[in-house]
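Heads up: the structure comes next, in structure tokens.
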Amino acid sequence: MFRKLQMYEDDHTVNLVILKGNGRSFCAGGDVVGITCSILTGHWSFGTSYYKKLLILDHLIATYKKPLVCLINGIVMGFGAGISMHGSFRVVTEKTVFAMPEATLGHFPDMGASHFLSKLPGYFGEYLGLTGAPLDGEMMLACGLATHFVFSKDLPLLEHALSSVDPSNASEISFVINKFAQKSNTKGEELHKRLKSINKCFSRQTVEEILHSIEKELLDNLAENWIAVAVKGMKSASPTSLKVFLRSIREGRGQRIEQCLAREYIIFCNIVRRKITNDFYEGSRATLFDKDKKPKWEPPKLESVGSETVDILFKPLEDEDDWNCLQLPTRSSNSVDHARSKL
């Protein structure tokens with residue numbers, strides 16, 4: 001993908017690039033199994049080498065010089081979120097389901113999530129990353145993760161219409177997509193209603209305070225199923241992962257995409273090395289391999305995860321001679337970045 005995108009970017013005959021899934025999903029995060037197996041059967045650096053390539057691809061997409069249209073139909077998680085949420089146009093459908101449940105795997109929402117989730121309204125990004133809550137296409141449009149909503153049956157027609165666009169400018173492409181786009185005021189009203197509770201709870205300084213606040217919110221609003229889902233998501237996740245993500249998104253709120261990707265690379269390397277935490281492997285075992293859905297997190301409680309542990313996970317691996325921080329090429333900002341205005 002990286003080589004082809006580079007080639008298309010330099011090809012004057014290419015006006016835009018379309019990314020879409022090959023099958024029922026856009027991308028469901030199947031790379032986790034491959035990464036885990038390669039590490040367990042070899043060396044932890046096998047996983048970091050692959051991960052580095054993913055982040056470099058994310059960076060290319062985030063800074064792509066030509067319009068990039070992501071047709072996000074079906075499930076979009078993990079790496080799928082990384083290659084689509086950085087695109088200039090993010091088209092979703094009634095079949096789209098977005099989620100970042102990495103904390104339930106002992107990991108943390110990454111692939112630039114500390115950048116694109118931090119740009120959402122209020123503390124909606126903290127809510128998504130800490131709870132792993134799923135969103136449908138209409139809610140993605142309402143919160144700004146998507147730029148357009150199109151019915152799945154119209155995607156072939158949209159793709160055909162885009163193929164005939166001559167100028168590579170955002171306004172012309174947006175005009176074409178808007179011919180097929182649908183609007184939903186209902187989801188906008190639902191988002192506005194949720195945000196009041198989300199901002200109150202997820203603006204807290206610590207994960208412990210956030211969980212306590214959302215549990216109290218549930219007691220006051222027992223009929224609100226989304227709050228119950230949020231509480232369940234946080235309680236089933238790795239305590240270490242929750243604290244890592246909260247710090248990561250708070251730092252990402254004031255940083256460029258390059259800084260966010262570099263930080264996420266450092267955290268990932270520390271996690272897969274297993275010297276500080278084993279939760280990623282335990283979460284993968286419980287969810288993807290043994291599938292008993294009963295991970296044994298260490299430590300098992302939020303209050304047992306000290307700030308010093310989190311600090312170490314954010315520090316470069318100075319005791320590894322052949323390890324280097326993520327080096328990203330210097331690129332100009334995305335020329336069609338104004339398509340992100342809803343964020």
- Query: Does T63 reach the main-chain N or O of H59 with its side chain, forming a donor-acceptor pair under 3.5 Å?
  - Reply: yes
- Query: Distance only, no hydrogens: is a donor on one side chain within 3.5 Å (strictly under) of an acceptor on the other, for R263 and S248?
  - Reply: yes
- Note on the structure: d(C143 SG, K187 NZ) to nearest 0.5 Å is 11.0 Å
- Carboxylate-amine/guanidinium contact D136 K95, below 4.0 Å: no
- Message: Measuring from atom CD1 of I266 to atom OG1 of T48, what distance do you get when rounded to the nearest 0.5 angstrom?
- Response: 12.5 Å
- Task: List the steps, then state whether side chain to side chain contact (heavy atoms under 4.5 Å, CB included) holds for L242 with F108.
- Result: CA-CA 7 Å; L242 293 179; F108 68 103; over 6 Å; no
- Could you tell me whether N22 atom CG has more than 12 heavy atoms of other residues or ligands within 6.0 Å of it? no
- Message: Strictly distance-based, threshold 3.5 Å: is any side-chain N or O of T287 a donor or acceptor partner for the main-chain N or O of S284?
- Response: no
- Item | S236 side-chain N/O to K232 backbone N/O, donor-acceptor pair under 3.5 Å | yes
- Message: One pair to check against side chain to side chain contact (heavy atoms under 4.5 Å, CB included): L328 and L261. What are the steps and the verdict?
- Response: CA-CA 9 Å; L328 295 169; L261 294 175; 4.2 Å; yes
- Query: How far does CD of E190 sit from CH2 of W226, to the nearest 0.5 angstrom?
  - Reply: 9.5 Å
- Ion pair present between E282 and R285, side-chain N to carboxylate O less than 4.0 angstrom? yes
- Say you draw a straight line from CH2 of W323 to CD of E318; how long is it, rounded to the nearest 0.5 Å? 9.0 Å
- Item | N-O pairing of R194 and E224 below 4.0 Å | no
- I would like to know whether I249 and Y123 meet side chain to side chain contact (heavy atoms under 4.5 Å, CB included); could you show each step before the answer? CA-CA 10 Å; I249 191 174; Y123 292 87; over 6 Å; no
- Where do N270 and F314 come nearest, in terms of heavy atoms and distance? ND2-N, 4.4 Å
- Presence of salt bridge, K4 and E9, under 4.0 angstrom: no
- Query: Does N178 use its side chain to pair, donor to acceptor, with the backbone of S174 at less than 3.5 Å?
  - Reply: yes
- Query: Just checking, any donor-acceptor pair under 3.5 angstrom between side chains of Y51 and D110?
  - Reply: yes
- Message: Could you walk me through whether E138 and E94 satisfy the side chain to side chain contact (heavy atoms under 4.5 Å, CB included) test, starting with their C-alpha distance in whole Å, then the side-chain angles of each, then the deciding distance to 0.1 Å, before giving a yes or no?
- Response: CA-CA 7 Å; E138 290 183 274; E94 79 282 359; over 6 Å; no
- Item | Donor-acceptor under 3.5 Å (E264 side chain, M111 main chain) | yes
- Of all heavy-atom pairs linking S304 and P299, the shortest is CB-CB, 3.5 Å
- Message: I'd like to check F26 versus L71 (side-chain heavy atoms, cut-off strictly below 4.5 Å). Are they in contact?
- Response: no
- Query: Between H86 and Y64, does the ring centre distance come in under 6.0 Å?
  - Reply: no
- Message: Is it the case that the side chain of R204 and the backbone of K200 share a donor-acceptor pair, with hydrogens and angles ignored and the cut-off at 3.5 Å?
- Response: yes
- Message: Evaluate F180 against H148 for ring pair (Phe, Tyr, Trp, His ring centres under 6.0 Å), listing each step before the verdict.
- Response: CA-CA 9 Å; F180 300 88; H148 299 82; over 10 Å; no
- Message: Any non-hydrogen side-chain atom of Y8 less than 4.5 Å from a side-chain atom of N15?
- Response: no
- Message: Using only atom types and a distance under 3.5 Å, with no angle test, would you say the side chain of D279 pairs donor to acceptor with the backbone of E298?
- Response: yes
- Item | E209 side chain to Q205 backbone, donor-acceptor under 3.5 Å | yes
- In Å and rounded to the nearest 0.5 Å, what is the CG to CD distance from L326 to Q259? 12.5 Å
- Message: Looking at D11, is its backbone amide N or carbonyl O close enough to the side chain of K66 to form a donor-acceptor pair, meaning the two atoms are under 3.5 Å apart?
- Response: yes
- Message: Just checking Y127 against F124, ring centres under 6.0 Å apart?
- Response: yes
- Query: Salt bridge between K315 and D311, side-chain N to carboxylate O under 4.0 Å?
  - Reply: no
- Item | R331 and E258 ion-paired at < 4.0 Å | no
- K275 vs D319 side-chain heavy atoms within contact, under 4.5 Å: yes
- Is F98 close to P134 at the side-chain level, that is, under 4.5 Å between some pair of heavy atoms? no
- Message: Less than 3.5 Å apart, any donor N or O on the side chain of S152 or N73 sitting next to an acceptor on the other?
- Response: no
- Query: Within the distance-only criterion (no hydrogens, no angle test), does the side chain of S238 pair as donor or acceptor with the backbone N or O of A103 below 3.5 angstrom?
  - Reply: no
- Does any non-hydrogen side-chain atom of V76 lie less than 4.5 Å from one of I72? yes
- Query: Can a salt bridge be assigned to the pair E217 and K196 using a cut-off of 4.0 Å between side-chain N and carboxylate O?
  - Reply: no
